[in-house]
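I have a structure here, written as structure tokens, and I will follow up with some questions on it.
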2 protein chains.
Amino acid sequence: MAKKPVRPTARPLFAQIQEIIVERLVAGEWRPGEPLPSENEFAEFYNVSQGTVRKAIAQMAADNLVVRFRGKGTFVASHTDEREHSHFFHLHREDGVKELPQTIPISCSKQAATPEAVARLGLTNGTPVAVVERLRTLDGAARVFETVVVSEEVFPNLCESLRDALPNEMYPHYETEYGVRVVCAQERLRAVSADPRDAELLDVEVGAPLLEIDRIAMTYGDTPVEWRRSRCITSDHFYLSTLR
Amino acid sequence: MAKKPVRPTARPLFAQIQEIIVERLVAGEWRPGEPLPSENEFAEFYNVSQGTVRKAIAQMAADNLVVRFRGKGTFVASHTDEREHSHFFHLHREDGVKELPQTIPISCSKQAATPEAVARLGLTNGTPVAVVERLRTLDGAARVFETVVVSEEVFPNLCESLRDALPNEMYPHYETEYGVRVVCAQERLRAVSADPRDAELLDVEVGAPLLEIDRIAMTYGDTPVEWRRSRCITSDHFYLSTLR
DNA sequence: GAGTGGTCTAGACCACTGT
DNA sequence: CAGTGGTCTAGACCACTCT
């Protein structure tokens, strides 16, 4: 008794439904933390079965776009959630415990994008960007020197908003202040030698080995929104990568 | 018309079925590359619906335990597959291309497990282990110095079997020679300074920054079977980590 | 043509949440 | 209590592979 006997497209129905819902999510129809319509509402609206909607939303949940609670509903995923804190932070202490870092701001300034920033963030030449420098501490000691670059077009007046909020983490701030949700990221890891600036800020000798993490963070649709370079002391911590 | 109205266990049926099938997989009932029974056969055997079996096996496919082909069947995943080659190798060239490494053997010897190896591999004191040293080249230049430690109980006479086969990769070798399939791994990354041995083998200066990758590879049930330490030159390559 | 996995529907029951 | 997502079933159709 299968319906939709004529489907000209080769694409599965649930994938089309998923695409449509994600598009509505991208358009900002529901902000981080807000509830989505129920399965039954979607099913009725798009004239498909509840099972098809379920499969679409289940995939979105697997992609960390939404979170679901039995009896409550489906909600747009948010870094504001307690258990999403430092979701992308991968430094662990020797004993395997992941301790959340504290942040010490250094500077924030509005600049013209460098060619490298233009390339990494997919900007147009001369776009203004905000450049944030900060230190992150683990067990009370400065372990990471971080440089964050974002477009001023996506995050207008970021420096001012940071001065007011003094947030420990950027991604909840992006959400609450700009409605921009970071959903995934790519990190390029390298071993580098500490330059004089690194050495001074992290209290190591020039030339000491540091783990450099070069991250592009992306919002819905894999659109890059942040470029971040972290230089980490890894004498007492390691970067944990889980492979499947 | 739901069956099984009385289910004393809180565990979902599909999860129980999955557990049972994984147990049979662990027991070696089907070797890497071999086909599993069809959904209908499982469903009839365990007296559940085809949909329940599908959900169980779909999860196993998501975990890379099996691969499925429409019209053909379900097969135990294998590193022997072309597209599984270097599945756990994450060094990419500056242009983003992942070039597969070549291997130059250095040494292989049977030793008593060090305390660190005992701890990392979950062995008992004094267990004999095989220690393999090798260089891996990218673009023709030695870039990675690798030390592999495995239990002789799991891989008896590994050195001899390696001498005969001269394999470029270890995991296909583990499968074909010992029937041991590596399904997941945990890597701890650090920046370290090249010691004299690293420097000589990789042709860099002592103290040069190297990316150290400390990996525990596991078979079914997260049982550790290999401990590997790689020291990598990352001047022309980076380790790619994708976060979701 | 028989057999495989993949999609879709329809309906039932469940656990849990809010009121 | 009604509404939510989660599980399970049953059956239909589809695309594909092998013989």
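Letters go in sequence order (proteins before strands), and every chain restarts at 1. Both backbone and side-chain heavy atoms feed into the values below; hydrogens, waters and symmetry mates do not.
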Output the residues of residues 57-76 of chain B in contact with DNA chain D, where contact means a heavy atom of the residue under 4.0 Å from an atom of the strand; sort by number or write none. Arg70(B), Gly71(B), Lys72(B)
Among dA10(C), dT9(D), dT4(D), which nucleotide sits nearest the side chain of Glu41(A)?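 Closest nucleotide to the Glu41(A) side chain: dT4(D).
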Suppose we screen for side chain to side chain donor-acceptor pair (under 3.5 Å). Which residues come up paired with Thr242(A), at least two apart in sequence or across chains?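 Thr242(A) satisfies side chain to side chain donor-acceptor pair (under 3.5 Å) with no residue once adjacent residues are dropped.
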Which pairs pass side-chain hydrogen bond (donor to acceptor under 3.5 Å, both in side chains) with one or both residues in residues 148-160 of chain B, sequence neighbours excluded? none
Does any pair with a residue in residues 83-95 of chain B pass salt bridge (Lys or Arg N to Asp or Glu O under 4.0 Å), and if so which ones, sequence neighbours excluded?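 Applying salt bridge (Lys or Arg N to Asp or Glu O under 4.0 Å) to every pair that reaches into residues 83-95 of chain B, excluding sequence neighbours, yields Arg190(A)-Glu94(B), Asp81(B)-Arg83(B), Arg93(B)-Asp95(B), Arg93(B)-Asp139(B).
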What pairs of residues pass the disulfide bond (SG atoms under 2.5 Å apart) test when at least one of them lies in residues 34-64 of chain A, not counting sequence neighbours?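 Qualifying pairs, neighbours excluded: none.
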Quick one: bend of the helix from dG1(C)-dC18(D) to dG18(C)-dC1(D) from 5 pairs per end, to 10°? 10°
Salt bridge (Lys or Arg N to Asp or Glu O under 4.0 Å) against Glu212(A), all qualifying residues, sequence neighbours excluded: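 Once residues adjacent in sequence are excluded, the partners of Glu212(A) under the salt bridge (Lys or Arg N to Asp or Glu O under 4.0 Å) criterion are Arg231(A).
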Quick check for you: among dG5(D), dT4(D), dT7(C), whose closest atom lies nearest to any side-chain atom of Arg54(B)?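 When the side chain of Arg54(B) is considered, dT7(C) is the closest of dG5(D), dT4(D), dT7(C).
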With Arg54(A), which residues qualify under side chain to side chain donor-acceptor pair (under 3.5 Å), at least two apart? Glu39(A)
Could you pull out all residues at least two apart from Glu29(B) that satisfy side chain to side chain donor-acceptor pair (under 3.5 Å)? Arg24(B)
Partners meeting ring pair (Phe, Tyr, Trp, His ring centres under 6.0 Å) with Tyr174(A) (sequence neighbours left out):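 So Tyr174(A) forms a ring pair (Phe, Tyr, Trp, His ring centres under 6.0 Å) with Phe155(A), Tyr171(A).
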Can you list every pair that meets salt bridge (Lys or Arg N to Asp or Glu O under 4.0 Å) and has a residue in residues 166-180 of chain A, with sequence neighbours left out?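 Every salt bridge (Lys or Arg N to Asp or Glu O under 4.0 Å) pair that includes a residue of residues 166-180 of chain A, provided the two are not neighbours, is Glu175(A)-Arg181(A).
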Return the residues of residues 26-39 of chain A meeting this criterion: a heavy atom under 4.0 Å from some atom of DNA chain D. Order them by number, or give none. Ser38(A), Glu39(A)
